[in-house]
Amino acid sequence: MAKPRYYVTTAIAYPNGAPHIGHAYEVIATDAIARFMRLDGYDVFFLTGTDEHGIKMLQTAAKEGVPPRELADRNVALFQKMVKRLNCSNDDYIRTTEPRHYASSQAIWERMAKNGDIYLSKYSGWYSVRDEAYYAEDETKLGDNGQRLGPLGTPVEWVEEESYFFKLSAYQDKLIDLYTRVPDFVLPRERLNEVASFVRGGLKDLSVSRTTFTWGVPVPGDPKHVMYVWVDALTNYITAVGFPDTASAQFKRYWPADLHVIGKDIVRFHAVYWPAFLMSAGIEVPHRIYSHGFLFNRGEKMSKSVGNVVDPFSLADAYGVDQFRYFFLREVPFGQDGSYSHEAIVARINADLANDLGNLAQRSLTMVARAFGGTLPAPGEFSANDQAILAQADAMVAKARDAMKTQALHQVLNAVWAVVAEANRYFAGEAPWALAKTDPKRQGTVLYVTAEVIRQVAILAQPFMPDSAGKLLDLLAVPADARDFARLGPARRLPAGAQLPPPAPVFPRYVEPNGDKAN
RNA sequence: CGCGGGGUGGAGCAGCCCGGUAGCUCGCAAGGCUCAUAACCUUGAGGUCACAGGUUCAAAUCCUGUCCCCGCAACCA
């Protein structure tokens, strides 16, 4: 039976600087989704990449005195290194400066043009040379000396530039219809409401080319124009699956995408422009846009001037990759803004990972090693308590799938850790260390049940903490081909009699480098 | 009257749509256990649910108004 497919993407990052925590968060979350779906039997294609055109790249490059291509190459290397460091399982990494992407962008442009949605006109507006930005009339005001000023107080002048336009205005009804027909097109729901009210407010045609610079994809047939960066950026999602070869196996298999994971700041581009472009080009629209929140350092927005920008590499170094991934995906309700701090990260690492899960594994497996020579004991008849905790473990996968239907990553982890907490209560209540003297057979049963619960927890933790969950499964001697979600539930228990390797701590407590104990 | 989110025990949050003993995590206190990564388990203290009106037998939950905080406002995860 062929696996169902699942195509998931991050937004492509804009590499005019080094990657920051927000980029890291998006790719980690998307990776967790991709891994979850793979383990759940889907044929997943997971794409991330970089959006390298546009005026801002040009400005940054000019400031540094290097060609934009060089700036892109340098920063892209950092983004790719980050993705790798964070243990992300992307199947492809797209750069919008690649030849395949030029071909794809030009092809979608030609389709939109052929459909009559692109026309040449003049883009005009109040332009501030100093800000290098256009402003709407109502954003400007007249200064004391009669000079018109932009919102930042710089002088603006009226300029007109030849530009191609996309007939976005023609898509208002079709977009509203899409939002009505597919109410989950944008999640969380509030975001769709915002978008829908924006669209109802009326859409203006969109300027989609520039003539003032050449760092971009040339417009087919009119090479003095380059495409507006968002036209080319959004197109990356189809480039990576083989567009313009719509007959290719890849394209037929994976398009339309199941999920675009993006930041809430670019919802409009993805939920308005992108489907409009695709409709115009006669291509199916993606199934869902998921807008995640922003991360704040101690509740404050990160900014270079405040000096609270945190580099993802140093976080990974300081806490560990899996710990870093776990913290953000558990602590921040996916879709909402979140806040992080050293104390919060340490608290999560020590409480959830070291104390609750790590220590449970350690204390139970150590007992298997000592009392049973490392052989997983065969269980006797299950007591009511045994059955109760096993039933809770068996129920996890359904809860996890249910949460994943709406990308509620934190709910998946909540469901799993609720079972970890219950398993600790079970373990304390059954007191297998006391049974060692009174009823070794019963002790074996308790240890078996505990190991089985840990097995299921570890399998479900894999998308979030691939390495650590893998180590946990190693300790239970679970073979590599028995770690997918099909092995969850009552049907496939741990085999009794398995020889387990010597137990080793998987989740160390975080201890402050200066030697003080944290938490 | 630009748009959106939010104000719930010390901290961070859930509950609010579908009114009816206020729940979770961390922290704190006491006790238990001693297998384990000074971890685990139990119990407890602590809240006028921003404020003011209103609807109702009954409001954190519905309605009206006020105050405050935070984002966004078409380059920005």
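Note that the structure is predicted; figures quoted are calculated from it, not measured. Sequence lines set the chain letters: A, B, ... in the order given, protein chains first and strands last, and positions in each chain run from 1.
- The pair A:Lys399-A:Asp402 does not count as a salt bridge, with every side-chain nitrogen at least 4.0 angstrom from each carboxylate oxygen.
- Comparing the same atom, C1', in B:A74 and in B:C63 gives a spacing of 35 Å after rounding to whole Å.
- Between the CG atom of A:Leu475 and the P atom of B:A36 there is a distance of 16 Å, rounded to whole Å.
- When only modelled atom types and interatomic distance are considered, A:Asn236 and A:Arg95 share no side-chain donor-acceptor pair under 3.5 Å.
- Within the 4.0 Å cut-off from OP1 or OP2 of B:A39, not a single side-chain nitrogen or oxygen of A:Trp433 is found.
- Comparing the C1' positions of B:G23 and B:G9 gives a spacing of 12 Å, expressed to the nearest Å.
- The separation of B:A77 from B:G27, taken at their P atoms, amounts to 36 Å, rounded to a whole angstrom.
- Remark: the A:Thr50 side chain and the A:Glu52 side chain contain an N/O donor-acceptor pair separated by less than 3.5 Å.
- Between the side chains of A:Asp232 and A:Thr235, no donor N or O sits under 3.5 Å from an acceptor N or O.
- With rounding to whole Å, A:Arg509 atom CZ is found 13 Å from B:C26 atom C1'.
- For the pairing with A:Pro379, the side chain to side chain contact (heavy atoms under 4.5 Å, CB included) check across A:Asp386, A:Val446, A:Val449, A:Thr445 returns one residue only, A:Thr445.
- The separation between A:His292 atom NE2 and B:C76 atom P is 13 Å, rounded to whole Å.
- Between A:Arg268 and the phosphate of B:C72, there is no side-chain N or O to OP1/OP2 separation shorter than 4.0 Å.
- Here the P atom of nucleotide B:C76 and the CD atom of A:Gln59 are 13 Å apart, to the nearest Å.
- Within the shown strands, nothing qualifies as a pairing partner of B:G47 under the Watson-Crick or G-U definition with both distances less than 3.5 Å.
- Atom name P, nucleotides B:A30 and B:A45: the rounded distance is 15 Å, in whole Å.
- Looking at heavy-atom distances under 4.0 Å, A:Leu365 makes no contact with the nucleic acid at all.
- Which of B:A77, B:C40, B:U37 sits closest to the side chain of A:Phe294 comes down to B:A77.
- Nucleotides B:A14 and B:G6 are separated by 14 Å at their C1' atoms, to the nearest Å.
- For B:G12, neither phosphate oxygen OP1 nor OP2 lies less than 4.0 angstrom from any side-chain nitrogen or oxygen of A:Gln336.
- Side chains of A:His270 and A:Tyr290: no donor on one and acceptor on the other come within 3.5 Å.
- Ranked by how close their nearest RNA chain B nucleotide is to the 5' end, A:Val229 and A:Glu331 are led by A:Glu331.
- A:Asp31 has a carboxylate O that lies under 4.0 Å from a charged side-chain N of A:Arg35, or vice versa, which qualifies the two as a salt bridge.
- For the C1' atoms, the distance linking B:G12 with B:U55 amounts to 34 Å, nearest Å.
- Among the nucleotides B:A74, B:U37, B:C75, the one closest to the side chain of A:Lys56 is B:C75.
- Within the 4.0 angstrom heavy-atom criterion, base atoms lie near A:Phe427.
- A:Glu26 comes within contact range of the sugar-phosphate backbone alone, with a heavy-atom separation under 4.0 Å but no base atom that close.
- Using P as the reference atom, B:A22 and B:G46 are 14 Å apart when rounded to the nearest Å.
- Atom CD in A:Gln323 sits roughly 13 Å away from atom C1' in B:U37 (whole-Å rounding).
- Of the candidates B:G71, B:A77, B:C41, B:C41 carries the atom nearest the A:Asn424 side chain, counting heavy atoms from C-beta on.
- In this structure, A:Gly358 reaches the bases: a heavy-atom distance under 4.0 Å links it to at least one base atom across the strands shown.
- In this entry the distance linking CZ of A:Phe327 with P of B:C26 reads 14 Å, nearest Å.
- The interatomic distance linking A:Asp337 (CG) with B:G6 (P) rounds to 11 Å, in whole Å.
- Seen from the ring of A:Phe427, A:Arg363 does not count as a face-on cation partner, given the 6.0 Å and 45° thresholds.
- Set against B:U42, B:A77, B:C35, the side chain of A:Met367 has B:C35 as its closest nucleotide.
- Comparing A:Pro333 and A:Pro432 against RNA chain B, the residue whose closest nucleotide sits nearer the 5' end is A:Pro333.
- Contact check, A:Arg363 against B:C40: no side-chain N or O comes under 4.0 Å of OP1 or OP2.
- Nucleic acid contact class of A:Tyr273 (heavy atoms, under 4.0 Å, all strands): base.
- Between the P atom of B:A38 and the CG atom of A:Asn355 lies a distance of 9 Å, rounded to the nearest Å.
- The aromatic rings of A:His20 and A:His23 lie tilted to each other, with the angle between the two planes from 30° to 60°.
- Among the atoms of the strands shown, none is found under 4.0 Å from any heavy atom of A:Val272.
- Looking at heavy-atom distances under 4.0 Å, A:Ala354 makes contact with a base.
- Nucleotides B:G44 and B:A58, compared at atom C1', are 30 Å apart to the nearest Å.
- For the residue pair A:Thr10 and A:Thr30, no side-chain donor N or O sits within less than 3.5 Å of a side-chain acceptor on the partner.
- Considering only side-chain atoms of A:His23, the nucleotide from B:A77, B:A39, B:C76 that sits closest is B:A77.
- The pairing partner recorded for B:C72 is B:G2, the criterion being a Watson-Crick or G-U wobble arrangement whose two distances lie under 3.5 angstrom.
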- Message: Run A:His260 and A:Phe269 through ring pair (Phe, Tyr, Trp, His ring centres under 6.0 Å) and show every step you take.
- Response: CA-CA 12 Å; A:His260 294 314; A:Phe269 299 102; over 10 Å; no
Collect all protein-nucleotide pairs involving nucleotides 3-5 of chain B in which both atoms are nitrogen or oxygen and the distance is under 3.5 Å.
from, atom 1, to, atom 2, distance (Å)
B:G4, O2', A:Glu194, OE2, 3.3

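- Side-chain N/O atoms of A:Asn350 include none lying less than 4.0 angstrom from OP1 or OP2 on B:A39.
- Among the nucleotides B:U42, B:A77, B:G71, the one closest to any side-chain atom of A:Arg425 is B:U42.
- Within 4.0 Å (heavy atoms only), A:Asp356 reaches sugar-phosphate atoms of the nucleic acid but no base atom.
- Taking the side chain of A:Leu295 as heavy atoms from C-beta on, and the options B:U37, B:A77, B:A74, the nearest nucleotide is B:A77.
- Out of B:C76, B:C40, B:A39, the shortest distance to the side chain of A:Phe269 is found at B:C76.
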